[in-house]
Amino acid sequence: MPGFELFGDKERKEVNDVLDNGVLMRYGFDGMRNGHWKAKELEAELEKSFRTKHVQLVSSGTAAVSVALASAGIGAGDEVIMPTFTFVASFEAIMMLGAIPILVDIDDTLGLDPKAVEKAITSKTKAIMVVQMCGSMANMDALVTIAKKHNILLVEDACQAIGGTYQGKPLGSIGDLGCFSFDFVKTITCGEGGAVITNNEKYYSNADHYSDHGHDHIGNDRGAESHPFLGYNFRISELHAAVGLAQVKRLPEFLDIQKRNFSIIRNALADIREVTFRTVPEGGLESCAFLNFFLPDLETSRRVMEGFKKGDIDACWNYYDNSWHYIRKWDHLKNLKLLHPISQEVKKGLEYLKEKNFNQSDYYIGRNISCLIKLSWTEEEVQLRANKMAEIIKEILR
């Protein structure tokens, strides 16, 4: 998956442009730039890739989620529905704003279960945050319908799914706001970076200001700019944007490689009766950044994972015991282990986690194995890998 596997002359050229003029900050210093504005150029390229009106680059995918929610007015005491299967950044970004993450079950898409979402909505619910995990999507039609019915925001965290589509639309462009990560292990990387995308002019303007100390970015004298409201620093640097600019132009190349490698492995596993694959909603196309499949039960998944390790099959995970991506091991969230006090409203809002069970999520995550699809594999290497994976699974199921 990671674009860093194929770094080359295009990335070096863009970075050298920045080093030659010496301006590493994305704003100001107009006279020194020699015409180089890498962040602006990357935003323009992403607008084309995502077929969206507005893109605001930020410093990370986590920042993108916080900025997206803040730009739409989500804050203290508001409830944001999110899935049990995601990265810890999802609840971190919500809590940073003083809002309350409301975790609900996933279904066989490995995304939000619409029925669980509907049950979780209260008078405090201000947003549904769907996380398009591992290159695919939740049931977007149902989630869009629920959001419209209750007049609440739909935010797409598509950090792991760049290049995936649903009914012809890029993932991230379907909700009111979309969020992306360009960290070191994403399909296209800036090293560190992220983006907020939207077709809403107000949300975009708010994101633009909020991510840079509230600067309004009017005129070409940064010192004379106004501050319509309080903001923070979530800026991306020109060096990071330069790497991303080269990478986004290579996105079709990367997606083709992912699809080839994904298909080879999937085809090798498809003949195993006990192996089933995650559900992709009708009209959806995965980015093929990960291959996700189900085995009969948790014990079988654990045995297969042990077999993969012994067989030198890397980059595969069963997330049931993972401390970063699944609710079971998020003790720092459940026990509110923070460096600073939080509001009583948030404390009370998270009390449900002490008793809440997520049996449905356990059922899907326990049986799931998720395998990263690397860009650096040759076709011969991935075929050998696929055959070996199939042999290991068959031997364990025998």
Inset, instruction - Applying ring-ring contact (aromatic ring centres under 6.0 Å, His included), name anything that partners Tyr232, two or more places apart in sequence or on another chain. - result: Tyr210
Inset, instruction - Say whether, by atom type as modelled, one donor and one acceptor occur between the side chain of Glu192 and the main chain of Phe182 under 3.5 angstrom. - result: no
Legend entry - Residues that Arg12 engages under salt bridge (Lys or Arg N to Asp or Glu O under 4.0 Å), provided they are two or more places apart: Asp9
Inset, instruction - Using ring-ring contact (aromatic ring centres under 6.0 Å, His included) as the criterion, list what pairs up with Tyr352, not counting sequence neighbours. - result: none
Inset, instruction - Report the distance from atom CG of Asn368 to atom CZ of Phe293, rounding to the nearest 0.5 Å. - result: 8.0 Å
Inset, instruction - Rounded to the nearest 0.5 Å, what's the gap from CD1 on Ile393 to CG on Leu295? Could you check? - result: 6.0 Å
Inset, instruction - Answer whether the closest heavy-atom distance between the side chains of Tyr319 and Cys134 falls below 4.5 Å. - result: yes
Inset, instruction - For the pair Glu351 and Lys348, find out whether any cationic side-chain nitrogen is under 4.0 Å from an anionic carboxylate oxygen. - result: no
Legend entry - Passing option when Gln360 is tested against Asp105, Asp113, Asp108 for side chain to side chain donor-acceptor pair (under 3.5 Å): Asp113
Inset, instruction - Please examine the side chains of Lys394 and Ile272, heavy atoms only from C-beta on, and report whether any two atoms are closer than 4.5 Å. - result: yes
Legend entry - Within 6.0 angstrom of Glu381 CD, more than 12 heavy atoms from elsewhere: yes
Inset, instruction - Calculate, to the nearest 0.5 Å, the distance between atoms NZ and CD belonging to Lys249 and Glu11 respectively. - result: 10.5 Å
Legend entry - Basic-acidic side-chain contact under 4.0 Å: Glu395, Arg398: yes
Inset, instruction - Measure from NZ or CZ of Arg235 to the centre of the six-membered ring of Tyr27 and say whether it is under 6.0 Å with the direction within 45° of the ring axis. - result: no
Legend entry - Option among Asp30, Asp212, Asp216 that satisfies the salt bridge (Lys or Arg N to Asp or Glu O under 4.0 Å) test with Arg222: Asp212
Legend entry - Basic-acidic side-chain contact under 4.0 Å: Arg302, Asp321: yes
Legend entry - Non-neighbouring partners of His227 that pass ring-ring contact (aromatic ring centres under 6.0 Å, His included), sequence neighbours left out: His215
Inset, instruction - Under the ring-ring contact (aromatic ring centres under 6.0 Å, His included) rule, collect the residues that match up with Tyr204, sequence neighbours excluded. - result: His54
Legend entry - Pair Asp183 + Lys186, salt bridge at N-O below 4.0 Å: yes
Legend entry - Lys38 side chain vs Val18 backbone, donor-acceptor pair below 3.5 Å: no
Inset, instruction - Check whether any side-chain heavy atom of Asn318 lies under 4.5 Å from a side-chain heavy atom of Tyr326, and answer yes or no. - result: no
Legend entry - Glu253 and Lys10 ion-paired at < 4.0 Å: no
Inset, instruction - Find the distance between CD (Glu41) and CG (Asp17) and round it off to the nearest 0.5 Å. - result: 8.5 Å
Please report, to 0.1 Å, the donor-acceptor pairs under 3.5 Å made by any side chain of residues 76-102, with sequence neighbours excluded.
{"from": "Asp78", "atom 1": "OD2", "to": "Gly75", "atom 2": "N", "distance (Å)": "2.9"}
{"from": "Glu79", "atom 1": "OE1", "to": "Thr122", "atom 2": "OG1", "distance (Å)": "2.7"}
{"from": "Thr84", "atom 1": "OG1", "to": "Ser361", "atom 2": "OG", "distance (Å)": "2.8"}
{"from": "Thr86", "atom 1": "OG1", "to": "Ser90", "atom 2": "OG", "distance (Å)": "2.6"}
{"from": "Ser90", "atom 1": "OG", "to": "Phe87", "atom 2": "O", "distance (Å)": "3.4"}

Legend entry - Side-chain touch Thr109/Pro281, heavy atoms, less than 4.5 angstrom: yes
Inset, instruction - Mind running side chain to side chain contact (heavy atoms under 4.5 Å, CB included) on Arg367 and Thr276 for me, showing each step along the way? - result: CA-CA 10 Å; Arg367 297 167 51 235; Thr276 56; 4.2 Å; yes
Legend entry - Candidate pair Ser205 and Asp208, rule side-chain hydrogen bond (donor to acceptor under 3.5 Å, both in side chains), full reasoning: CA-CA 5 Å; Ser205 178; Asp208 172 72; 5.8 Å; no
Legend entry - Straight-line distance of Asn199 CG to Thr52 OG1, nearest 0.5 Å: 4.0 Å
Legend entry - Electrostatic pair Arg33-Glu238, nearest N-O below 4.0 angstrom: yes
Inset, instruction - Could you check if a side-chain atom of Gln160 sits within less than 4.5 angstrom of a side-chain atom of Gln132, using non-hydrogen atoms only? - result: no
Legend entry - Check against side-chain hydrogen bond (donor to acceptor under 3.5 Å, both in side chains), Gln383 and Asn387: CA-CA 6 Å; Gln383 188 65 65; Asn387 294 340; 3.2 Å; yes
Inset, instruction - Please work out which of the three classes, parallel, tilted or perpendicular, describes the rings of Phe184 and Phe7, given edges at 30° and 60°. - result: tilted
Inset, instruction - To the nearest 0.5 Å, tell me how far Glu345 CD sits from Leu350 CG. - result: 11.0 Å
